2 protein chains.
Amino acid sequence: MARKTKAEAALTRHRIVECARQVFSRDGVTNTSLEHVAKEAGVTRGAVYWHFRDKADLFMAVRQETGILLRFGDFKSGDALRRLESGLHEALRRLAEDKQARETYEVMLWKCEYVGEFAGVRKDLMSAGTLFLTEATALYEEAVRDKLVGPELDPQMAARETFCFYAGMIKLWLADEGGQAIRSEILKVITHHIESRRLRRRIHPKAV
Amino acid sequence: MARKTKAEAALTRHRIVECARQVFSRDGVTNTSLEHVAKEAGVTRGAVYWHFRDKADLFMAVRQETGILLRFGDFKSGDALRRLESGLHEALRRLAEDKQARETYEVMLWKCEYVGEFAGVRKDLMSAGTLFLTEATALYEEAVRDKLVGPELDPQMAARETFCFYAGMIKLWLADEGGQAIRSEILKVITHHIESRRLRRRIHPKAV
DNA sequence: AGATTTACATACAGACATGTATGTAAATCT
DNA sequence: AGATTTACATACATGTCTGTATGTAAATCT
């Protein structure tokens with residue numbers, strides 16, 4: 001077949017990744033053959049094997065193209081608690097509005113079996129978790145320093161709690177396609193999670 | 001082959017389910033063939049197809065044999081917040097000590113692709129979630145009535161937050177085999193999650 | 001006791017996926 | 001401009017999985 005120019009080849013590669021993400025998110029990673037991906041992208045398996053070593057390699061490319069969902073460092077305005085809240089809100093905004101991100105996370109959280117070559121990917125995810133924990137811990141430390149929360153709050157514990165909350169929230173949000181239980185209320189739930197930590201300055205009326 | 005007695009047949013069926021769980025949790029649902037399961041159970045595919053319609057059916061049996069991980073109704077002692085905490089603790093205790101439960105949840109949360117016949121299972125999981133939400137909401141309502149928490153706490157929101165926290169916690173606990181980030185501290189994190197809601201009776205020293 | 005199921009094992013047929021080897025025409029290099 | 005590489009398409013060889021059909025001897029039924 002006629003050789004493509006470098007730019008064309010890059011386009012082909014990109015198209016393959018794009019289609020792989022779609023097919024993965026529809027049929028699951030294990031169930032999709034490279035033939036399916038190739039057909040969807042309008043090429044043959046030859047093209048796929050040219051650009052990627054195997055399905056695991058292609059899967060990595062899908063992940064890399066979307067990148068990480070949330071970096072707290074991106075948020076600069078407001079106090080530490082507000083920045084935490086903004087980060088969580090933003091992650092969900094991306095899931096809702098960015099089809100690529102939504103599909104990628106759908107694959108990673110519901111359409112993939114972390115086994116064999118993919119067992120390593122799970123460790124990657126946990127490493128990304130460590131980053132989340134580091135950033136969140138720093139923000140909670142700042143919140144303590146600035147007396148946004150009581151001095152008894154343990155930043156590490158709070159960060160771990162937020163991490164669990166975040167992981168479950170993303171996973172449940174994706175599954176809740178009907179939208180009743182989680183999706184429609186999720187922003188308020190996030191606010192609840194963060195704001196309930198904030199030191200209340202008004203006196204609780206009936207507290208001793 | 002010689003026909004088995006009813007009791008023997010029941011044993012065979014049970015052995016197949018048991019082995020299916022193990023193999024699923026090792027190799028992932030999609031990757032395991034019924035031949036693998038059969039061999040592990042010391043039978044042929046004939047036996048598997050006799051007891052189960054197909055792999056999805058077998059998977060359902062695996063789920064059913066383990067049952068649900070957490071019912072708040074099982075906890076009777078202590079105030080509402082303590083019962084919430086006990087429930088969450090108990091779920092983790094089971095994961096840690098009960099190999100069967102651990103394997104089943106490992107399969108459901110990390111080694112299964114919710115696609116095709118399995119898409120329905122995901123809806124089941126979300127329905128189980130509705131039950132969780134109902135029970136947790138009731139407990140938070142009780143906590144409000146008993147003034148364990150401030151009157152501004154919205155039981156529904158708190159329940160949803162706890163649900164997300166719970167879902168993420170289970171998933172992360174399973175993945176954190178090293179034990180550093182999550183496993184070793186998880187009981188404290190749970191306590192943190194629940195107790196931080198409790199109305200503090202001592203006055204915060206420097207709060208206005 | 002004879003008829004009928006049952007609880008499997010064995011055998012068969014078809015579909016499908018994977019990886020590699022080979023072909024090829026144009027793009028890129030020198 | 002000629003040599004070389006590239007970006008695929010095509011062909012092949014192999015292994016695996018699935019579902020069903022058939023066989024069978026003992027358990028259960030009547």
Side-chain angles (χ1 to χ4, degrees), chain A residues 1-62 107 111-113 115-119, chain B residues 1-20 22-24 26-62 107 111-113 115-119:
Chain A
M1 195 219 183
R3 177 184 176 183
K4 301 288 180 58
T5 175
K6 266 190 194 175
E8 286 172 321
L11 275 187
T12 300
R13 189 195 131 100
H14 182 260
R15 199 148 27 91
I16 290 172
V17 173
E18 197 90 356
C19 292
R21 175 165 31 76
Q22 281 175 218
V23 181
F24 284 166
S25 76
R26 212 186 46 209
D27 302 336
V29 174
T30 315
N31 274 312
T32 62
S33 68
L34 295 184
E35 172 90 38
H36 281 84
V37 173
K39 194 161 278 181
E40 188 81 16
V43 295
T44 67
R45 275 169 51 238
V48 177
Y49 275 103
W50 173 256
H51 287 287
F52 306 95
R53 196 158 39 77
D54 53 18
K55 191 159 66 175
D57 193 30
L58 176 55
F59 176 79
M60 302 303 178
V62 168
V107 172
K111 310 289 179 65
C112 178
E113 299 179 359
V115 154
E117 311 209 51
F118 291 85
Chain B
M1 196 220 183
R3 177 182 176 186
K4 302 288 181 58
T5 175
K6 266 191 192 174
E8 287 173 321
L11 275 186
T12 300
R13 189 195 132 100
H14 183 260
R15 197 148 29 89
I16 291 172
V17 174
E18 197 91 353
C19 292
Q22 280 174 218
V23 180
F24 285 166
R26 211 186 48 209
D27 302 337
V29 175
T30 315
N31 274 311
T32 62
S33 66
L34 295 185
E35 172 90 36
H36 281 101
V37 173
K39 194 160 279 179
E40 188 81 14
V43 294
T44 67
R45 275 168 53 237
V48 178
Y49 274 104
W50 173 257
H51 287 286
F52 306 96
R53 197 159 38 76
D54 54 16
K55 189 158 67 175
D57 193 29
L58 176 54
F59 175 80
M60 302 304 178
V62 168
V107 171
K111 309 289 178 63
C112 178
E113 298 178 359
V115 154
E117 311 210 52
F118 291 84

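Letters A, B, ... are given to chains in the order of the sequence lines, protein chains preceding strands, and every chain is numbered from 1. Here the structure is a predicted model, which is why all the values come from computation and not from measurement.
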Q. Between D:dC8, C:dC8, D:dT18, which nucleotide gets closest to the side-chain atoms of A:His51?
A. D:dC8

Q.
Counting only side-chain heavy atoms from C-beta out, which of C:dT18, D:dA9, C:dA9 sits nearest to B:Ala47?
A. C:dA9

(Q) With hydrogens left out and only the distance checked, is there a donor-acceptor pair under 3.5 Å joining A:Arg3's side chain and the base of D:dT5? (A) yes

Q.
Any base atoms under 4.0 Å from B:Thr44, or only sugar-phosphate, or nothing? Heavy atoms, all strands.
A. base

Q. OP1 or OP2 of D:dA7 less than 4.0 angstrom from a side-chain nitrogen or oxygen of A:Thr5, does that happen here?
A. no

Q: Spell out, as yes or no, whether a donor-acceptor pair under 3.5 Å connects the side chain of B:Lys111 to the backbone of B:Phe24.
A: no

(Q) Return the pairing partner of C:dG14 with a 3.5 Å limit on both distances, Watson-Crick or G-U wobble; otherwise return none. (A) D:dC17

Q.
To the closest 0.5 Å, what do you measure between CD (A:Glu8) and CZ (A:Arg15)?
A. 10.0 Å

Q: Tell me whether the OP1 or OP2 atom of C:dA7 has a side-chain N or O from B:Thr12 closer than 4.0 Å.
A: no

Q | Rounded distance in Å - CZ (B:Phe52) to P (C:dA7) | A | 13 Å

Q. How close or far is atom C1' of D:dG19 from atom CG of B:Asp57, stated in whole angstroms?
A. 14 Å

**Q.** d(CG, B:Leu34; P, C:dA9) in whole Å
**A.** 14 Å

Q) What are the two closest non-hydrogen atoms of A:His36 and A:Val23, and how far apart are they? A) CB-CG1, 4.4 Å

Q: Please figure out whether B:Arg53 or B:Glu8 has its closest DNA chain D nucleotide nearer the 5' end.
A: B:Arg53

Q.
Need the pair for D:dT28. Rule: Watson-Crick or G-U wobble, both distances under 3.5 Å, any strand; none if unpaired.
A. C:dA3

Q) For A:His14 and D:dA7, what is the distance between atoms NE2 and P respectively, to the nearest whole Å? A) 17 Å

Q: Measure from NZ on B:Lys39 to C1' on C:dA9 and round the result to the nearest Å.
A: 14 Å

Q: For B:Lys4 and for A:Tyr49, find the nucleotide of DNA chain C with the closest heavy atom, then tell me which residue's nucleotide is more 5'.
A: B:Lys4

Q.
Please report the distance, rounded to the nearest Å, between NZ in A:Lys55 and P in C:dC16.
A. 15 Å

**Q.** 5'-most by nearest nucleotide on DNA chain C - B:Arg45 or B:Lys6
**A.** B:Lys6

Q: Could you check how far CH2 of A:Trp50 sits from C1' of C:dT22, rounded to whole Å?
A: 14 Å

Q. How far does CG of B:Asp57 sit from CD of B:Glu117, to the nearest 0.5 angstrom?
A. 9.0 Å

Q: Identify the nucleotide, in any strand shown, that forms a Watson-Crick or G-U wobble pair with C:dT22, with both distances under 3.5 Å; if there is none, say none.
A: D:dA9

Q. Closest heavy-atom contact between A:Lys55 and A:Thr30?
A. NZ-O, 3.3 Å

(Q) Without decimals, in angstroms, what is the distance between A:Glu35 CD and C:dG19 P? (A) 13 Å

